[in-house]
Amino acid sequence: QVQLVESGGGLVQPGGSLRLSCLASGRIFSIIAMAWYRQAPGKQRELVARITSGGSTNYADSVKGRFTISRDNAKNTVYLQMNSLKPEDTAVYYCSAIDLYWGQGTQVTVSS
């Protein structure tokens, strides 16, 4: 069982930055893949970024070059650094462990 708690969402102006954090419980954190998803109103949930236990990463085309996923295994935490934010990045962002466990989500709103 893995429990996930996201934090760091909020309201930011276009072009701004936010860093999301996801704290995971459990001893298996260091050996599992973690990911960030998002869901905008009226749209399906989509993968934003994923990081493997070894640190390999992949990103949605829409966020490449702007977002960075990272992990700190000593802190059982995965991060999503979001730069150059756009209004279309507005969504609820969810942390996921091996696409099986999910956090409660954190709202990110990009608006002037």
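Numbering of residues begins at 1 and proceeds along the displayed sequence. Here the structure is a predicted model, which means the values were calculated and not measured.
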Side chain to side chain contact (heavy atoms under 4.5 Å, CB included) between Asn58 and Leu47, intermediate numbers included: CA-CA 10 Å; Asn58 65 283; Leu47 175 68; 3.9 Å; yes
Taking only residues at least two apart or on different chains, which pairs with a member in [range] satisfy disulfide (SG to SG under 2.5 Å)?
range           : value
residues 25-57  : none
residues 42-86  : none
residues 19-112 : Cys22-Cys95

Grouping I, L, V, M, F, W and Y whenever their side-chain heavy atoms are under 4.5 Å apart, do [X] and [Y] come out in a common cluster?
X      : Y     : answer
Val92  : Val5  : no
Val12  : Leu80 : yes
Leu100 : Ile69 : yes
Ile98  : Val48 : yes

What's the separation between atom [atom1] in [X] and atom [atom2] in [Y], rounded to the nearest 0.5 Å?
X      : Y     : atom1 : atom2 : result
Ser112 : Leu11 : OG    : CG    : 9.5 Å
Ser70  : Ile51 : OG    : CD1   : 6.5 Å
Thr109 : Gln13 : OG1   : CD    : 13.0 Å
Gln3   : Asn76 : CD    : CG    : 12.5 Å

Do any pairs count as a salt bridge (Lys or Arg N to Asp or Glu O under 4.0 Å) and have a residue in [range], sequence neighbours left out, and if so which ones?
range            : result
residues 102-112 : none
residues 102-112 : none
residues 65-81   : Arg66-Asp89

Give a yes or no answer on whether the side chain of Gln107 reaches the backbone of Gly10 with a donor-acceptor pair at less than 3.5 Å.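 Checking the backbone N and O of Gly10 against the side chain of Gln107, no donor-acceptor pair under 3.5 Å is found.
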Using modelled atom types and a 3.5 Å cut-off, is there a donor and acceptor pairing between side-chain atoms of Thr106 and backbone atoms of Gly9?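 Such a contact is found between Thr106 side chain and Gly9 backbone.
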For Gln81, what residues pass the side-chain hydrogen bond (donor to acceptor under 3.5 Å, both in side chains) criterion, not counting sequence neighbours?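 So Gln81 forms a side-chain hydrogen bond (donor to acceptor under 3.5 Å, both in side chains) with Asn83.
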State which residues pass side-chain hydrogen bond (donor to acceptor under 3.5 Å, both in side chains) with Thr57; sequence neighbours excluded, sorted by chain then number.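 Testing Thr57 for side-chain hydrogen bond (donor to acceptor under 3.5 Å, both in side chains), a comparison that skips the adjacent residues, returns none.
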Does Gln39 form a side chain to side chain contact (heavy atoms under 4.5 Å, CB included) with Tyr93? I'd like the steps, not just the answer. CA-CA 7 Å; Gln39 187 166 20; Tyr93 284 70; over 6 Å; no
Residue pair Thr90 / Glu88, side-chain donor-acceptor N/O under 3.5 Å: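 No donor-acceptor contact under 3.5 Å links the two side chains.
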Can you list every side chain to side chain donor-acceptor pair (under 3.5 Å) pair that touches residues 40-53, not counting sequence neighbours?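 As it turns out, the side chain to side chain donor-acceptor pair (under 3.5 Å) pairs with a partner in residues 40-53, which skip direct neighbours, are Tyr37-Arg50, Arg38-Glu46, Arg50-Asp99.
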Residue pairs fulfilling side chain to side chain donor-acceptor pair (under 3.5 Å) with at least one residue in residues 18-36, sequence neighbours excluded: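 Qualifying pairs: none.
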Restricting to pairs with a member in residues 59-92, which pass ring pair (Phe, Tyr, Trp, His ring centres under 6.0 Å), not counting sequence neighbours?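 Checked against ring pair (Phe, Tyr, Trp, His ring centres under 6.0 Å) - neighbours excluded - no pair reaches residues 59-92.
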Note, Val2 side chain near Phe29 side chain (heavy atom, < 4.5 Å):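 No; the side chains remain at least 4.5 Å from each other.
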Would Tyr94 and Glu6 count as a side chain to side chain contact (heavy atoms under 4.5 Å, CB included) here? Give the steps. CA-CA 7 Å; Tyr94 297 91; Glu6 301 103 332; 4.1 Å; yes
Among residues at least two apart in sequence or on other chains, which ones pass side chain to side chain contact (heavy atoms under 4.5 Å, CB included) with Ala60?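 Checked Ala60 against side chain to side chain contact (heavy atoms under 4.5 Å, CB included); matches are Ser62, Val63.
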Please give me the minimum heavy-atom distance between Ser111 and Pro14, naming the atom from each residue.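 Heavy atoms only, the tightest pair is C-CD, 3.6 Å.
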What do the steps show when you test Leu4 against Leu23 for side chain to side chain contact (heavy atoms under 4.5 Å, CB included), and what is the final call? CA-CA 6 Å; Leu4 305 170; Leu23 176 63; over 6 Å; no
